[in-house]
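This report concerns only the one structure given below.
From a predicted model like this one, the values you see are computed outputs, not experimental measurements.
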Amino acid sequence: MERKFAFKWNFTIFLFFASCFLFLLLLTKNNFGLSLFGTFFIFLSGAVQWWSYQIAFWVMCMGLIFISSVYLLLSRNRLNLIISGWIFLMSSFIFVAGLYPAWQVPVAFLLIFIFVGFILDNKNYNFVLKGLKSKVPVFSVIAAIFILLLYNYYDSVKDYAEIMLKTVYPGRRISNGGDLAGGKLFSEYFGVFMSERSTPEVWLNICEASSFIMFFPIVFYAMLIDYLRTKKIDWILIALSFYVIILLVWLLIGFPNFLSSITMMTMSPPYRTLPILGLANVILLIAFLARRDNNQTFNFSRKEAGILILVVLSFFYLVTANINQVTGNFFNTTQVLTVIILMTVLFLLIRYSYYKFALFGVVLILMGFNIKNIKVNPLTSGLSAIIKNPLVRAAGEIKTDDPTARWAVFGNQKFSNLLKPHQIDVINGIHPVPNFEDMKILDPTGKDINIYNRYAHINL
């Protein structure tokens, strides 16, 4: 059991590093340093670490699908096509079987936008059509196996899925966007000052409070300046920018009913979409810096720099003031000033990243922000903390004498979850789907069904 658990846990971590790095290499046109930095920065971001690598899982799938798709379209070597086809098949199926639409849907759109931008940027339209004699059979086999896998998966989960779909949450959770909680968009600016035991109450907990540091305002500005000076269009940057803008509209304004439905964004409420916007914004920054790293030089304007400093300082003053107002002055004056100063310096370094050492400054500050997150998921060997826990051992002895007994855990519901892996029948704790037989005893007429017909944390 321990070996299986270790394999599952590490599978996402190590495959994330490989796929994310290669994915960024394609987007940065083989910029090794920035691709490596981007991989570590994404991995160490609060949204990835505090959600126990769940977002890393979706990045892993997206990266593998993107890389294999590029090889399938552009390669003519039969062995490359077969290997790429197998990777595409497995990563696509794993992506679908992950079955968490709140992140699946926005990640799928992010993948589509990046892929379209990549194809437009590379202009390899004719090359895609070459080698069709090898490509068509591979595509056909992939499609056939994928359909069989999906059918088998559907047949395995359909009964459970039917119950889940009828729940109030998450089955019938429907959103039209526009209701992101106040201060949440830029909450990760204060991520370095938050922990599991120190989080604004309005943001519920450290997981919900965590996201990615947002850079898109300065990247948009720098992209506009670069375009006015060079008149060059980079389709990958355009695609990523367009995606970020669309998600900002979803988070802050919302979509009309019909648009929310046809895009399936109804299943991704803003507080769940936010980390994916943050992810896209990081990828945009890495791709942008890679283009800036190509020996670009521009004349320095003191006037522009002076105005920019005032604007950026004002921006961060307003943002931090809003966050502190929303959180009831959770962050002290020193923390606020630290964020204002460091983020202002960071934005200026991004704007002038073509100057010597500016890019190094960006990397240094950003890794400084995220490095503390390396302690969120500590290294450990084995499952002794669970298997050899005295509470579990005592419960196991009782279960041996009375195997059919049902249990109720009073107090912290986490202890009920500790017993469940040992096949102890616990009435409370986490329930992904409701137990209607139990609830009939408490609510025989079903008048309160909307309270318990959901994914629930049940406390006694």
Minimum heavy-atom separation for Gly38 to Ile286, with atom names? CA-CD1, 3.8 Å
State whether the number of non-hydrogen atoms from other residues, nucleotides or ligands found under 6.0 Å of Phe242 atom CZ is greater than 12. no
Just verifying a value: how many Å separate Leu27 CG and Leu22 CG, rounded to the nearest 0.5 Å? 11.0 Å
Heavy-atom pair of closest approach, residues Met164 and Pro432: CE-O, 3.6 Å
Just verifying a value: how many Å separate Ile253 CD1 and Leu180 CG, rounded to the nearest 0.5 Å? 12.5 Å
Does any part of the side chain of Met343, heavy atoms only, come nearer than 4.5 Å to the side chain of Val319, both counted from C-beta? no
Check whether any side-chain N or O of Arg454 sits under 3.5 Å from a backbone N or O of Asn450 as a donor-acceptor pair, and report yes or no. no
With salt bridge (Lys or Arg N to Asp or Glu O under 4.0 Å) as the test, would you mind laying out the steps for Glu397 and Arg393 before giving the verdict? CA-CA 6 Å; Glu397 291 171 3; Arg393 283 186 166 181; over 6 Å; no
The criterion is side chain to side chain donor-acceptor pair (under 3.5 Å); which residues satisfy it with Asn435, sequence neighbours excluded? Asp438
Under 3.5 Å donor-acceptor, Ser92 side chain and Leu89 backbone: no
OH/Tyr100: more than 12 non-hydrogen atoms of other groups inside 6.0 Å: yes
Determine whether the aromatic ring centres of residues Phe40 and Phe17 are separated by less than 6.0 angstrom. yes
Are the side chains of Tyr271 and Leu251 in touch, meaning some heavy atoms are under 4.5 Å apart? no
Does Ser384 use its side chain to pair, donor to acceptor, with the backbone of Lys388 at less than 3.5 Å? no
Only pairs at least two apart or in different chains count here, so list each salt bridge (Lys or Arg N to Asp or Glu O under 4.0 Å) that has a residue in residues 102-111. none
Could you tell me whether the side chain of Phe193 reaches within less than 4.5 Å of the side chain of Asn332, counting heavy atoms only? no
So which pairs with a foot in residues 171-200 pass salt bridge (Lys or Arg N to Asp or Glu O under 4.0 Å), sequence neighbours left out? none
Would you list the pairs meeting side-chain hydrogen bond (donor to acceptor under 3.5 Å, both in side chains) in which at least one residue belongs to residues 240-261, sequence neighbours left out? Asn176-Asn257, Asn176-Ser260, Trp250-Thr273
Is the side chain of Asn453 donor-acceptor paired with the backbone N or O of Pro434 at a distance under 3.5 Å, no angle test? no
With distance as the sole test, does Asn281 use its side chain to make a donor-acceptor pair with the main-chain N or O of Phe216 at under 3.5 Å? yes
Which residues pass the side-chain contact (heavy atoms from CB on, under 4.5 Å) test with Pro256, sequence neighbours left out? Phe258, Leu259
Can you find a pair of side-chain heavy atoms, one from Leu185 and one from Leu248, that are under 4.5 Å apart? yes
Would you say the rings of Phe118 and Trp235 are close, in the sense that their centroids are separated by under 6.0 Å? no
Whether over 12 other heavy atoms sit under 6.0 Å from Ile374 CD1: no
Does the plane of the ring in His457 sit parallel, tilted or perpendicular to the ring in Tyr455? Use 30° and 60° as the thresholds. perpendicular
How are the rings of Tyr189 and Phe186 set to each other: parallel, tilted or perpendicular (split at 30° and 60°)? parallel
Is the side chain of Asn428 donor-acceptor paired with the backbone N or O of Val409 at a distance under 3.5 Å, no angle test? yes
Aromatic contact, Phe357 with Phe360 (centres under 6.0 Å): no
Counting only heavy atoms from other residues, nucleotides and ligands, does the tally under 6.0 Å from CH2 of Trp51 exceed 12? yes
Among pairs that include at least one residue of residues 314-337, which meet salt bridge (Lys or Arg N to Asp or Glu O under 4.0 Å), considering only residues two or more places apart or in two chains? none
If we only count heavy atoms from C-beta on, is the Tyr352 to Leu359 side-chain gap below 4.5 Å? no
So, Phe16 versus Tyr53, ring centres under 6.0 angstrom or not? no
Keeping Ser198 on the side-chain end and Ser195 on the backbone end, is there a donor-acceptor pair under 3.5 Å? no
Under 3.5 Å, is there a donor-acceptor pair between the side chain of Thr12 and the main chain of Trp9? no
Which pairs with one or both residues in residues 415-432 pass salt bridge (Lys or Arg N to Asp or Glu O under 4.0 Å), sequence neighbours excluded? Arg406-Asp425
One should read off an interatomic distance between Leu110 CG and Leu240 CG, to the nearest 0.5 angstrom, of 6.5 Å
Between Asn370 and Ser45: side-chain donor-acceptor atoms closer than 3.5 Å: yes
CD of Gln335 to OG1 of Thr320, rounded to nearest 0.5 Å, is 12.0 Å
Gap separating the CG atom of Leu313 from the OG1 atom of Thr344, nearest 0.5 angstrom: 4.0 Å
With side chain to side chain contact (heavy atoms under 4.5 Å, CB included) as the test, would you mind laying out the steps for Thr199 and Asn205 before giving the verdict? CA-CA 6 Å; Thr199 308; Asn205 55 59; 5.7 Å; no
Does the ring center of Phe316 lie less than 6.0 Å from the ring center of Phe347? yes
Using the test side-chain contact (heavy atoms from CB on, under 4.5 Å), find all partners of Asn329 that sit at least two apart in sequence or belong to another chain. Asn324
Donor-acceptor contacts, no H, no angles, side chain residues 57-72, under 3.5 Å, sequence neighbours left out:
from, atom 1, to, atom 2, distance (Å)
Ser68, OG, Leu64, O, 2.7
Ser68, OG, Ile65, O, 3.1
Ser69, OG, Ile65, O, 2.6

Are side-chain heavy atoms of His431 and Tyr452 found at a separation under 4.5 Å? no
side-chain contact (heavy atoms from CB on, under 4.5 Å) partners of Val157, counting only residues at least two apart: Tyr153
Output the distance between atom CE (Met194) and atom OG (Ser210), rounded to the nearest 0.5 Å. 5.5 Å
Who pairs with Lys158 by salt bridge (Lys or Arg N to Asp or Glu O under 4.0 Å), at least two apart in sequence or on another chain? Asp155
Close side-chain approach of Val107 to Phe95, heavy-atom, < 4.5 Å: yes
Taking atom OH as the centre, does Tyr317 end up with more than 12 heavy-atom neighbours from other residues, nucleotides or ligands that are less than 6.0 angstrom away? no
Compare all side-chain heavy atoms of Asp121 with those of Asp234 and state whether any distance is below 4.5 angstrom. yes
Do Asn10 side-chain atoms and Ile13 backbone N/O form a donor-acceptor pair below 3.5 Å? no
For Glu2, all residues meeting salt bridge (Lys or Arg N to Asp or Glu O under 4.0 Å), sequence neighbours excluded: none
Could you go step by step and tell me if Asp448 and Ile451 meet the side chain to side chain contact (heavy atoms under 4.5 Å, CB included) rule? CA-CA 6 Å; Asp448 294 316; Ile451 294 174; 3.9 Å; yes
For Gly183, is there any backbone N or O sitting under 3.5 Å from a side-chain donor or acceptor partner on Ser187? no
